[in-house]
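For reference, positions follow the sequence shown, starting with 1. Atoms within each ligand, like the ligands themselves, are counted from 1 in listed order.
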Amino acid sequence: MASIPRRFTGDTLVIASHNKGKVREIADLLGPYVRTFTTAGELGLPEPEETGTTFIANAELKARAAAAAGHVAMADDSGLVVPALGGDPGIYSARWAGPEKDFAMAMRKVEEGLAGKTDRSACFVCALTLAWPDGHVESVEGRCSGTLVWPPRGDKGFGYDPMFVPDGFDITFGEMEPARKHEMSHRADAFRQLVDRCFR
Ligand SMILES: O=P(O)(O)OP(=O)(O)OP(=O)(O)OC[C@H]1O[C@@H](n2cnc3c(O)ncnc32)[C@H](O)[C@@H]1O
Ligand SMILES: [Mg+2]
């Protein structure tokens with residue numbers, strides 16, 4: 001029997017992410033439901049090692065680590081899944097950019113892997129976990145399908161956005177207005193599910 005989801009009833013939510021692009025999108029998406037945000041960085045919380053083997057496992061690990069400091073926390077673990085690369089970079093999407101967070105290089109690596117391949121489909125995945133200080137968690141996973149293009153285009157997004165054209169569009173996420181991306185991205189899909197479960 002499915003358990004009843006726990007609702008978020010507090011004032012303050014900790015965004016357990018050290019990625020400025022994600023924090024900005026999360027604050028936009030949850031703005032209507034949460035009075036005050038803080039981030040793991042602002043609280044001086046360390047960035048835990050992402051030892052999970054799935055997006056959800058890593059989202060849970062990051063959210064639990066931040067919630068241990070005493071506030072409800074939300075984490076996002078996301079990435080670009082490319083079937084022609086056997087699912088890479090997947091949960092390793094941040095790590096492909098190296099310690100310098102060089103996404104020009106990470107995108108080039110994806111493009112080099114696709115050389116000679118005809119399947120250029122890809123899917124962005126976003127797992128979100130809300131964790132309470134008592135250890136309870138609620139998790140969801142959202143997706144957005146598209147095609148990879150080269151060269152990269154646009155500087156409105158972050159990470160792999162400049163090479164990802166979502167299905168039904170002819171511009172990349174890097175060229176898209178943020179408000180439009182928020183309506184249809186993997187993160188938007190995950191947020192719709194999380195808001196239904198925990199914020200209404
Ligand atoms: O773990 P935190 O601190 O939240 O920050 P991170 O950047 O390490 O985040 P992840 O471990 O979830 O790695 C996901 C990577 O996938 C990429 N990614 C996720 N969502 C994306 C989006 O909407 N657009 C472009 N790239 C995205 C981006 O490069 C991220 O660095
Ligand atoms: Mg990370």
Side-chain angles (χ1 to χ4, degrees), residues 13-29 37-67 73-82 85 87-110 122-131 139-146 148-149 152-166 169 171-191:
L13 180 70
V14 180
I15 302 176
S17 172
H18 291 78
N19 177 321
K20 289 199 180 70
K22 287 196 331 195
V23 169
R24 193 175 56 231
E25 292 196 359
I26 292 168
D28 275 359
L29 286 158
F37 293 103
T38 181
T39 65
E42 281 166 4
L43 294 176
L45 302 175
E47 212 172 329
E49 209 189 323
E50 297 178 20
T51 52
T53 56
T54 62
F55 290 109
I56 290 207
N58 281 330
E60 290 193 359
L61 171 159
K62 290 187 274 191
R64 279 185 205 276
M74 197 182 67
D76 165 314
D77 198 67
S78 43
L80 182 72
V81 174
V82 183
L85 303 183
D88 276 344
I91 61 167
Y92 305 103
S93 292
R95 283 164 270 188
W96 271 35
E100 305 294 325
K101 303 192 192 301
D102 182 350
F103 284 96
M105 175 195 69
M107 288 191 287
R108 218 177 312 118
K109 226 164 120 181
V110 170
C123 180
F124 265 128
V125 178
C126 173
L128 292 175
T129 296
L130 202 56
S139 297
V140 298
E141 192 174 275
R143 282 161 190 278
C144 179
S145 301
L148 298 173
V149 295
R153 299 181 337 229
D155 57 8
K156 290 190 164 72
F158 66 96
Y160 298 86
D161 279 344
M163 72 179 303
F164 183 84
V165 173
F169 289 78
I171 58 172
T172 68
F173 267 169
E175 295 171 307
M176 191 176 279
E177 289 306 325
R180 188 79 187 94
K181 181 183 173 192
H182 294 348
E183 288 168 7
M184 39 94 58
S185 72
H186 49 310
R187 194 158 288 108
D189 181 23
F191 265 97

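Residue Asp76 approaches ligand 1 through these ligand atoms, each under 4.0 Å from one of its heavy atoms: 4 (O), 12 (O). Listed by number with element, the atoms of ligand 1 under 4.0 angstrom from any heavy atom of Lys181 are 22 (C), 23 (O), 24 (N). Atoms of ligand 1 lying under 4.0 Å from any heavy atom of Lys62, numbered from 1 in the order shown and given with element: 1 (O), 2 (P), 4 (O), 10 (P), 11 (O), 12 (O). Heavy-atom proximity to Gly79, at under 4.0 Å, picks out these atoms of ligand 1: 16 (O). Numbered from 1 in the order shown, with element, the atoms of ligand 1 that lie under 4.0 Å from a heavy atom of Tyr160 read 17 (C), 25 (C), 26 (N), 29 (O). Atoms of ligand 1 found under 4.0 Å from any heavy atom of Lys22, numbered from 1 in the order shown, are 2 (P), 4 (O), 5 (O), 6 (P), 9 (O), 10 (P), 12 (O). Short contacts between ligand 1 and Ser17, defined as distances under 4.0 Å to a heavy atom of the residue, involve ligand atoms 2 (P), 3 (O), 4 (O), 5 (O). Against a heavy-atom cut-off of under 4.0 Å, Asp77 is close to the following atoms of ligand 1: 10 (P), 11 (O), 12 (O).
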Notebook entry, point to check: After noting the C-alpha distance and the side-chain angles of Met184 and Met176, does the key distance pass the side chain to side chain contact (heavy atoms under 4.5 Å, CB included) rule?
Noted result: CA-CA 11 Å; Met184 39 94 58; Met176 191 176 279; 3.9 Å; yes
Margin query: Please evaluate residues Lys156 and Asp161 with respect to the criterion salt bridge (Lys or Arg N to Asp or Glu O under 4.0 Å), reporting the C-alpha separation (whole Å), side-chain torsions for both, the decisive distance (0.1 Å), and the verdict.
Written below: CA-CA 8 Å; Lys156 290 190 164 72; Asp161 279 344; over 6 Å; no
Next item on the list: Could you go through the side chain to side chain contact (heavy atoms under 4.5 Å, CB included) check for Phe103 and Phe158 one step at a time?
Entry: CA-CA 8 Å; Phe103 284 96; Phe158 66 96; over 6 Å; no
Next item on the list: Starting from the C-alpha separation in whole Å, work towards a yes-or-no answer on side chain to side chain contact (heavy atoms under 4.5 Å, CB included) for Val23 and Phe37.
Entry: CA-CA 10 Å; Val23 169; Phe37 293 103; over 6 Å; no
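Thr172 is not listed as a side-chain neighbour of Phe164, based on a closest heavy-atom distance of 4.5 Å or more. Between Tyr160 and Val82 the shortest side-chain heavy-atom distance does not fall below 4.5 Å.
The single protein non-hydrogen atom nearest to atom 14 (C) of ligand 1 is Ser78 O, 2.9 Å, given as residue, atom name and distance. Atom 24 (N) of ligand 1 has as its closest protein heavy atom Asp161 OD1, 2.5 Å. Looking only at heavy atoms of the protein, atom 20 (N) of ligand 1 is closest to Arg187 NH2, 2.9 Å. At the top of the distance list for atom 3 (O) of ligand 1, counting protein heavy atoms only, stands His18 N, 2.8 Å. Atom 5 (O) of ligand 1 has its closest protein heavy atom at Asn19 CB, 3.3 Å. At the shortest separation from atom 11 (O) of ligand 1 among protein heavy atoms lies Glu50 OE1, 2.9 Å.
Within the structure, ligand 1 lacks Lys101 among the residues with a heavy atom less than 4.0 angstrom away. Distances shorter than 4.0 angstrom do not occur between any heavy atom of Ser185 and any atom of ligand 1. Judged by the shortest distance from any of its heavy atoms, Phe124 lies inside the 4.0 Å radius around the atoms of ligand 1.
In this structure a side-chain-to-backbone donor-acceptor pair under 3.5 Å is present from Ser93 to Leu80. The closest donor-acceptor contact from the side chain of Asn58 to the backbone of Gly52 lies under 3.5 Å. No donor-acceptor pair closer than 3.5 Å links the side chain of Lys22 to the backbone N or O of Ser17.
At a cut-off of 2.8 Å, Glu47 is not counted among the residues with an N, O or S atom near the Mg ion (ligand 2).
Here the N, O or S atom of Glu50 that is nearest to the Mg ion (ligand 2) is OE2.
A salt bridge links Arg180 with Glu183: at least one charged nitrogen is closer than 4.0 Å to a carboxylate oxygen.
Here His186 has side-chain heavy atoms under 4.0 Å from ligand 1, and that is the only part of it that gets that close. Contact annotation: for Phe164 versus ligand 1, there are no heavy atoms closer than 4.0 Å. For Phe103, every heavy-atom contact with ligand 1 shorter than 4.0 Å involves the side chain, none the backbone.
Evaluated by nearest non-hydrogen atom to atom 13 (O) of ligand 1, the leading choice among Ala16, Ala94, Ser93 is Ala94.
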